[in-house]
Amino acid sequence: MSQSDLPIAQPFLDYLQFQKRYSQHTVISYKNDLVAFFKFLEDEFDNPSLTEIAPSFVRSWLASLKEHGMESKSINRKISALKSFFKYQLKQGLITSTPMTTIISPKVKKRLPKYVEEKDINTLFQYIEFPDTWEGRTDRLLLELFYNTGMRRAELAGLKESSIDKGNSTIKVLGKGNKERILPVSKELMSSVAAYIAAKRKELKTFDAVQLLVSEQGKKLDPKHIYNVVVKYLSMVTTIDKKSPHILRHSFATHLMNNGADLNAVKELLGHSSLAATQIYTHNTIEKLKDIHKKAHPKA
C-alpha cells in the first residue's frame, strides 16, 4: 500500500486539515500512522472491513511495534491517531462501536526537558562572533527570537512583518490550531527586529515583503535551515546531546522558572492549552535547587 493509497482515511484527513485546522505536519503524521496500521491489517488479517476490525487486531499491531523497539511515546501517538480515526467513523455512522475502547496506552517514562545553561546562552550572544553578512545577521536574530520568546520552529518560520508591534514591544505568534498569542519582548530585541527590517529594504534587491526573516535571496527561511542554524551555534557553546529549536524553547521556560516566574504566565507564553504540559518545567527548577543545596550546604 502506497502512502497516497488510503481512500478509507481521506475524509478523516480532510476533516483534520480543513475543519480542525491541524497543521500539515500533524495531518501527515496521522496519515502515515493509518497507512502503517491498514498495511498491517492487510498482511496479517486479510484486509478486514471497518466493522470487522477488532480490539485484538489493534493490540497485535501495537505489540509488533513494541517488538521492533518502538518507544511508548511513539506508540501512544499512534493510539491517539487510531482513536481519533475511529471516533470520526463513529460520528459518520460507518461503525457502531470503536475497537479502541479497551486499548490502554502504555506508560511513558517521564524525562526532564533538556536545556542550555544560562551561562552558555550568555556565551552565545556575548562572545560568539556572527559573520557580518546577511546570513550572519539573520542567524543571530532567529536565535535571539527563539530564546527570548520560546516560540516553536514553525511559529518562527511563519513570522510576518505585520506580527511586530514596535509601539507595544510585542510579537503576535500563530501557534498550534491557529491559536494566536501575544508575546512581550525587550526593547533591545525590538530594536534588533526594527533594524533588520530596515536593512532588508536597504540591502536586498528583491525580498518577500510579508515574511520577517528571509534568506540572502529574499525568500522565506526553510524550516530545515532554521534547525541547522540552531544546531550549528548551540554546538559552539554547549555539550548537551540534543540541540534543536525546541531545546531553546525548553531553555526559555526553564530559565524563567528558575528566576521565579509564575507557572501560569509561562503557560501563556508557551501557548500550552493546559497547565499539565507546563508543569514539567517545575521539575527542572526543583533539580536546580537540589544542585544548589548540594553544593552550598555544609551538611548536604
Side-chain angles (χ1 to χ4, degrees), residues 1-108 151-155 157-158 172-181 223 246 267-268 270-280:
M1 183 183 293
S2 70
Q3 294 282 24
S4 58
D5 181 26
L6 194 64
I8 196 170
Q10 197 54 53
F12 167 67
L13 297 171
D14 290 342
Y15 165 74
L16 294 182
Q17 184 175 358
F18 300 114
Q19 291 191 44
K20 298 289 283 183
R21 312 289 278 177
Y22 282 12
S23 69
Q24 185 182 14
H25 175 78
T26 302
V27 174
I28 290 172
S29 293
Y30 272 60
K31 181 177 181 178
N32 290 342
D33 291 341
L34 290 171
V35 166
F37 175 62
F38 281 100
K39 179 70 169 65
F40 178 83
L41 294 183
E42 185 180 348
D43 293 343
E44 301 295 327
F45 297 101
D46 198 24
N47 210 13
S49 67
L50 271 179
T51 55
E52 294 172 328
I53 298 173
S56 58
F57 296 2
V58 179
R59 289 194 193 94
S60 294
W61 182 54
L62 299 177
S64 73
L65 298 177
K66 189 74 175 173
E67 285 172 9
H68 284 88
M70 184 172 287
E71 293 185 358
S72 295
K73 187 176 180 180
S74 298
I75 290 175
N76 282 343
R77 194 199 71 195
K78 295 179 187 302
I79 290 173
S80 178
L82 288 184
K83 282 184 176 179
S84 295
F85 171 75
F86 284 110
K87 185 178 179 181
Y88 175 82
Q89 307 307 323
L90 205 57
K91 281 184 177 179
Q92 299 303 307
L94 297 175
I95 56 176
T96 55
S97 63
T98 167
M100 303 304 294
T101 307
T102 57
I103 302 299
I104 299 171
S105 299
K107 287 186 178 180
V108 178
M151 67 179 70
R152 303 174 178 94
R153 177 171 55 162
E155 294 169 347
K172 183 165 65 178
V173 172
L174 188 63
K176 287 185 175 181
N178 279 345
K179 291 180 182 177
E180 287 185 348
R181 67 185 189 279
H246 218 73
K267 168 185 172 290
E268 295 302 318
L270 291 172
H272 286 162
S273 56
S274 73
L275 201 58
T278 319
Q279 282 176 329
I280 191 164

I need the [X] [atom1] to [Y] [atom2] distance, nearest 0.5 Å.
X: Thr278; Y: Glu268; atom1: OG1; atom2: CD; result: 8.5 Å
X: Asn32; Y: Leu6; atom1: CG; atom2: CG; result: 10.0 Å
X: Leu62; Y: Ile79; atom1: CG; atom2: CD1; result: 5.0 Å
X: Leu82; Y: Trp61; atom1: CG; atom2: CH2; result: 5.0 Å
X: Lys78; Y: Asp33; atom1: NZ; atom2: CG; result: 3.5 Å
X: Gln10; Y: Leu34; atom1: CD; atom2: CG; result: 10.5 Å

Begin from the C-alpha positions of Asp46 and Leu41 and carry the test side chain to side chain contact (heavy atoms under 4.5 Å, CB included) through to its verdict. CA-CA 7 Å; Asp46 198 24; Leu41 294 183; over 6 Å; no
Are any side-chain N or O atoms of [X] and backbone N or O atoms of [Y], one a donor and one an acceptor, separated by less than 3.5 Å?
X: Arg153; Y: Pro223; value: yes
X: Glu52; Y: Ser49; value: yes
X: His68; Y: Ser64; value: yes
X: Ser84; Y: Ser80; value: yes
X: Asn76; Y: Pro106; value: yes

If I compare all heavy atoms of [X] with all of [Y], which pair ends up nearest, and what's the gap?
X: Leu270; Y: Arg152; answer: O-NH2, 3.7 Å
X: Ser60; Y: Phe45; answer: OG-CZ, 3.9 Å
X: Ile53; Y: Pro99; answer: O-CB, 3.5 Å
X: Arg181; Y: Met151; answer: NH2-CA, 4.0 Å

Using the rule given for side chain to side chain contact (heavy atoms under 4.5 Å, CB included), can you reason through Ser273 versus Lys179, listing the C-alpha separation, both sets of side-chain angles and the distance that settles it, and then say yes or no? CA-CA 10 Å; Ser273 56; Lys179 291 180 182 177; 4.2 Å; yes
side-chain hydrogen bond (donor to acceptor under 3.5 Å, both in side chains) between Ser29 and Thr26, intermediate numbers included: CA-CA 5 Å; Ser29 293; Thr26 302; over 6 Å; no
Residue Arg21 excluded, over 12 heavy atoms near CZ under 6.0 Å: no
Under the side chain to side chain contact (heavy atoms under 4.5 Å, CB included) test against Leu13, which residue among Tyr88, Tyr30, Phe85 passes?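 Option passing the side chain to side chain contact (heavy atoms under 4.5 Å, CB included) with Leu13: Tyr30.
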Assess whether side chain to side chain contact (heavy atoms under 4.5 Å, CB included) is satisfied between Phe40 and Phe57, documenting all intermediate values. CA-CA 9 Å; Phe40 178 83; Phe57 296 2; 5.9 Å; no
Any donor-acceptor pair under 3.5 Å linking the side-chain atoms of Glu71 with those of Ser74? no
List the steps and the verdict of side chain to side chain contact (heavy atoms under 4.5 Å, CB included) for Ser72 and Lys66. CA-CA 8 Å; Ser72 295; Lys66 189 74 175 173; 3.6 Å; yes
Scan the side chains in residues 89-98 for donor-acceptor partners under 3.5 Å anywhere in the protein, sequence neighbours excluded, and list what turns up.
{"from": "Thr98", "atom 1": "OG1", "to": "Met100", "atom 2": "N", "distance (Å)": "3.1"}

Salt bridge or not between Glu155 and Lys172? Use side-chain N to carboxylate O under 4.0 Å.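 Answer for the salt bridge query: no.
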Can we call the ring centroids of Phe12 and Phe86 under 6.0 Å apart? no
